[in-house]
Amino acid sequence: MAVSLSGGETFSDDVVAAAMIDRLVHPAEVLTLTGDSYRTRQRRELLAKEKRAGRD
């Protein structure tokens with residue numbers, strides 16, 4: 001589950017939003033991911049491809 005702390009836009013009070021998020025994710029386990037995401041990798045490959053095409 002991805003959590004955004006821009007809850008002030010959804011909830012009337014940032015403190016209430018933070019408290020709700022805290023209660024939702026409290027029992028969750030935190031996973032630390034390393035390396036590029038698929039989107040980052042694909043974007044980097046696309047930019048490199050466009051750069052190579054621009055040189056031709």
Side-chain angles (χ1 to χ4, degrees):
M1 172 170 72
V3 177
S4 173
L5 290 179
S6 62
E9 297 169 9
T10 305
F11 302 102
S12 60
D13 185 2
D14 288 343
V15 175
V16 173
M20 291 176 73
I21 292 169
D22 182 57
R23 280 155 185 79
L24 286 171
V25 300
H26 176 73
E29 292 196 27
V30 176
L31 302 176
T32 303
L33 304 176
T34 59
D36 291 341
S37 68
Y38 286 104
R39 289 181 185 171
T40 302
R41 188 177 318 137
Q42 288 174 347
R43 182 68 178 156
R44 185 180 303 120
E45 290 170 0
L46 177 65
L47 290 173
K49 186 177 181 180
E50 289 175 354
K51 188 175 181 180
R52 285 191 305 267
R55 285 190 238 159
D56 296 338

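In this chain, residues are counted from 1 in sequence order.
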*asked:* So, using side-chain hydrogen bond (donor to acceptor under 3.5 Å, both in side chains) as the criterion, who are the partners of R41 when residues are at least two apart?
replied: none
Please set out all donor-acceptor pairs under 3.5 angstrom arising from side-chain atoms of residues 18-33, sequence neighbours excluded.
{"residue": "R23", "atom": "NH1", "partner": "A19", "partner atom": "O", "Å": "3.0"}

*Give, for atom CG of L47 and atom NZ of K51, the distance between the pair rounded to the nearest 0.5 Å.*
9.5 Å
*To the nearest 0.5 angstrom, please state how far the CZ atom of R52 sits from the CD atom of E50.*
10.5 Å
